[in-house]
Amino acid sequence: MAVDVRRKIPSVDGLLRSDPARRASAYLGRSLVKRTLGDVLDEARRAAANGIEPPADEILLARALGRASRAAHGTVPVINATGVILHTNLGRAPLPERAARAVAHAARSYTDLEVDRVTGRRTTRGRNAELLLTAITGSESALVVNNCAAALLLAMSALAKGKQVIVSRGELIEIGGEFRIPDILSASGAKLVEVGTTNRTRLTDYRSALGDRTGAILKVHPSNYRMVGFTAAPTATDLATLARSRSIPFVYDIGSGLLHHGHGHPSDEPSVSDALTAGADLVTFSADKLLGGPQAGLVVGRADPIRRLRRHPIARAVRIGRMQIAALEQILAIVAAEREDELPVFRMLRDPPDVVRARAQRLSETIGGELEGARVVRSGSAVGGGSMPGTELPSWAVRLRVPNPDAFVARLRTGTPAAFARVQEDGVLLDCRTVADDEVPHLARAVWYALEGDDEHDGLHGDPDEG
Ligand SMILES: *Cc1c(COP(=O)(O)O)cnc(C)c1O
């Protein structure tokens, strides 16, 4: 049986000679088309081995050419109507225009990336961002690397390789599938010493684990989950005091990049300034979470340990790129000038529900006010990016009642412009907290496109509970 179905699968060369594949090869390159054809045929062959009938040649061809074309187009801008502000799969923080321009300039030409224009001497690529960071946070020193995972790997390698690092069992977290505290520590060459229990760790647990081989005390903010109930953990101040009494560094990975409290949004996130005030020697955080910048890992704290990080060979392996640094400098300059409301992430966090509601109203009207199915409804947005779990921001959305919500959101994703929405019960929710004002007409267009492709039904369903 399986042998019989497998025989129906065409050869790569056969399909490469077809007209559509020739045209695609001329445009995208023969090697790319050949590669995606090979992949698609391999998949069909494996499926056939499991008794699954291979699709027609035209379908295989379309699948392969679609894949080649998407790869050649690269990542495309999408409209985020999920309501999740720091959506890691959608790139986390959108940047303000000023940062986007800086990236474009840095991309197109040579820059003074590592030279001081005044002296003509070589300098470090992080100097501007690091100066801004020390000014903003009041820290002695700062260091910029590729991302927060890299910052922690570098910190542990430079300070605690071959030594022990004490971490609470309640903080051995995983973030985003690949980032696990025990794995980062073992990759750094430091030895993890777990103390306490999942829900309760006391200062005495840390104290009794301290010894000659201790390289650091590490505190990690459990960004993406919350423990409630019978819990306990020593404060950062207690840990800093204990570490200082033994002359070992205290490193605090706060992750989220909240600089100060009092920005007006509800939060039980630790802030950079709290962590420094508590006495942390090093504080590590991401630039593309609550700070609202590009991907980068930021380290602030005392000059001496930061010097050790800067000189470590891993610092070179995790250095930041020239376009990222260009964006980061603009973000930090905006924060230093106290003009945070220029940052899209900051605005999305702060927009009052009425503003979001008015946007949803505009979207609903643009989609087609006469369509009963496009209703403005209450919704709840999430911060996302592993920040502030359980915190729901009151939001407003346009709800579309469509016969097949999953198929509808799939067409939204693959349209131009592409948009991402939430499926909810029997409808699709377009949360307007994460939609920019100037995206409203484009999102409406995306919805029209997705509705047209709906061959089960031509249009929206009226809402039965509206009579
Ligand atoms: C998000 C997060 C990280 C990883 O940050 P990236 O910049 O994505 O590498 C590390 N630690 C904590 C506590 C985090 O929240």
Side-chain angles (χ1 to χ4, degrees), residues 84-95 126 129 133 142-157 159 165 167-188 190 192 216-227 233 236 239 250-259 267-272 274-276 278 280 282-301 309 314-315 317-321 323-325 327-328 331-332 345 349 382-391:
V84 180
I85 297 174
L86 298 167
H87 200 304
T88 300
N89 298 152
L90 301 184
R92 287 197 187 154
L95 301 181
L133 269 171
L143 178 66
V144 172
V145 294
N146 185 58
N147 60 9
C148 185
L152 195 60
L153 174 68
L154 172 60
M156 292 299 108
S157 306
L159 303 180
V165 174
V167 189
S168 161
R169 288 200 169 86
E171 297 174 358
L172 296 174
I173 55 161
E174 169 179 312
I175 291 172
E178 305 96 22
F179 178 88
R180 293 175 139 204
I181 295 296
D183 296 345
I184 294 276
L185 282 173
S186 79
S188 75
L192 168 64
I217 293 177
L218 171 64
K219 183 171 175 59
V220 183
H221 176 56
S223 295
N224 51 5
Y225 82 106
R226 285 292 177 273
M227 259 187 320
L239 291 176
F250 169 48
V251 179
Y252 192 178
D253 178 23
I254 66 165
S256 68
L258 179 68
L259 291 172
S267 170
D268 53 353
E269 290 290 319
S271 73
V272 178
D274 289 350
L276 288 170
L282 294 182
V283 182
T284 55
F285 55 105
S286 295
D288 56 355
K289 292 184 180 171
L290 293 177
L291 184 57
Q295 180 188 305
L298 310 178
V299 189
V300 295
L309 267 58
I314 285 182
V318 298
R319 79 177 180 188
I320 188 169
M323 285 171 274
Q324 282 165 273
I325 200 85
L328 180 63
I331 302 299
L332 294 172
V345 165
L349 285 166
V383 177
S387 301
M388 299 156 70
T391 302

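Note that ligands are numbered from 1 as they come in the structure, with each ligand's atoms numbered from 1 the same way.
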Whether over 12 other heavy atoms sit under 6.0 Å from Arg319 CZ: yes
Would you mind listing each N/O atom of ligand 1 next to any protein N/O under 3.5 Å, plus the distance?
| residue | atom | partner | partner atom | Å |
| --- | --- | --- | --- | --- |
| ligand 1 | 5 (O) | Ser286 | OG | 3.0 |
| ligand 1 | 7 (O) | Cys148 | N | 3.0 |
| ligand 1 | 7 (O) | Ser286 | OG | 2.6 |
| ligand 1 | 8 (O) | Arg92 | NH1 | 3.0 |
| ligand 1 | 8 (O) | Arg92 | NH2 | 3.0 |
| ligand 1 | 9 (O) | Cys148 | N | 3.3 |
| ligand 1 | 9 (O) | Ala149 | N | 2.9 |
| ligand 1 | 11 (N) | Asp253 | OD1 | 3.4 |
| ligand 1 | 11 (N) | Asp253 | OD2 | 2.6 |
| ligand 1 | 15 (O) | Ser223 | OG | 2.5 |
| ligand 1 | 15 (O) | Lys289 | NZ | 2.7 |

Under the rule for salt bridge (charged side-chain N to carboxylate O under 4.0 Å, His left out), what residues qualify as partners of Lys219, not counting sequence neighbours? Glu171
With sequence neighbours excluded, residues passing salt bridge (charged side-chain N to carboxylate O under 4.0 Å, His left out) with Arg226: Asp268, Glu269
Could you list the residues that satisfy side chain to side chain donor-acceptor pair (under 3.5 Å) with Ser286, not counting sequence neighbours? none
Are the side chains of Leu290 and Leu349 in contact, using a 4.5 Å heavy-atom criterion? yes
Can you see which heavy atom on Ala151 is nearest to which on Thr284, and at what distance? CB-CG2, 4.1 Å
